[in-house]
Amino acid sequence: MSSLFDLAGHTALITGSVRGIGFSLAEGLAEAGASVIINGRRQEAVDAAVAKLREKGYQARGAVFDVADEAAVAAAFAAFDRDGVEIDVLVNNAGIQFRKPMVELELQDWQRVLDTNLTAAFIVGRETAKRMIARGRGGKIINIASLVSEAARATVAPYTAAKGGIKMLTRSMAAEWAQFDIQANAIGPGYILTEMNTALIENPAFDAWVRSSNPAGRWGKPEELVGTAVYLASAASNYVNGQIIYVDGGWLSVL
Ligand code: GCO
């Protein structure tokens, strides 16, 4: 049974993985045997994250590029090609949040969130899938969705629109790439204790709302997403495609 979840010999690129959910997923995939590629926009943050994983004996390397910049993505993948790096598992995790009522929202802020949280998953997914198809041995794509892939919260419209798009992009990837033995699925985290959510965690009213809105009665922890990521990255999910698995304490399943 354990071989079903073994990632030894597989290389995983996790975008936006210098901290938070991305770093936890990178660490979990590395613990399952994968060689992981840490991505971020700042060399020093990427180097620090890689060093943390290497100190634990994991196989890790860094790739510094802005996932929303098509030319930067092309250059990064050209470097992977040159170095013989073959990505077997892609986790499209990179994401930003911007909270403001829509009537006050500037177009540039809307666009920046859509570029990073949705378009980047297309750009990096396209470059990854091209190579998976050419190699002929399939692969795994895991997109990070959200509760707001299903239901909206006021003041986070661009994030919500992007995460709704992630749901349907995941299904589009499945529709086009299943024939090449690529499985594209998503993880939908509930409210997780991450740096991006600090303002919410420290707001007593918001904290109370989160705790009262899910039957687990608490925030989730980044490491609680790892099991689902290892499942979707491994042979255990070879006949699963286009799905979102919600790791939300039961939030979306109850009134
Ligand atoms: C917010 C939060 C959410 C969570 C997560 C919930 O402002 O409501 O940032 O977007 O991060 O996406 O699933």
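Model, not experiment: these values are computed from the prediction. Just follow the structure's listing: the first ligand is 1, and inside any ligand the first atom is 1.
- When heavy-atom distances to ligand 1 are checked against a 4.0 Å cut-off, Ile192 has no atom that comes that close, whether in backbone or side chain.
- Here the heavy atom of the protein found nearest to atom 3 (C) of ligand 1 is Tyr191 CE2, 3.6 Å.
- Closest non-hydrogen pair, Ile142 versus Ala229, comes out as CD1-O, 3.6 Å.
- Close contacts of ligand 1 with Leu200, meaning ligand atoms under 4.0 Å from a residue heavy atom, involve 1 (C), 2 (C), 7 (O).
- Protein heavy atom at the shortest distance from atom 7 (O) of ligand 1 is Arg99 NE, 2.7 Å.
- In the hydrophobic clustering of this structure, Ile96 groups with Leu118; members are Ile, Leu, Val, Met, Phe, Trp, Tyr whose side-chain heavy atoms approach within less than 4.5 Å, directly or through other members.
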* Test ring-ring contact (aromatic ring centres under 6.0 Å, His included) on Trp110 and Tyr159 and set out the steps. => CA-CA 8 Å; Trp110 165 275; Tyr159 186 99; over 10 Å; no
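- Listed by first and then second residue, the side-chain hydrogen bond (donor to acceptor under 3.5 Å, both in side chains) pairs involving residues 5-14 amount to none (not counting sequence neighbours).
- Taking a cut-off of under 4.0 Å to the non-hydrogen atoms of Val156, the atoms of ligand 1 that pass are 7 (O).
- Contacts between Thr194 and ligand 1, counted as non-hydrogen atom pairs separated by less than 4.0 Å, are absent for every part of the residue.
- Atom CG of Asn203 and atom CD1 of Ile201 lie 11.0 Å apart (nearest 0.5 Å).
- Of the candidates Asn39, Ile144, Thr15, Ile141, Val91 forms a side-chain contact (heavy atoms from CB on, under 4.5 Å) with just one, namely Ile144.
- The closest protein non-hydrogen atom to atom 12 (O) of ligand 1 is Ser146 OG, 2.7 Å.
- The shortest N or O to N or O distance between Leu147 and ligand 1 is under 3.5 Å.
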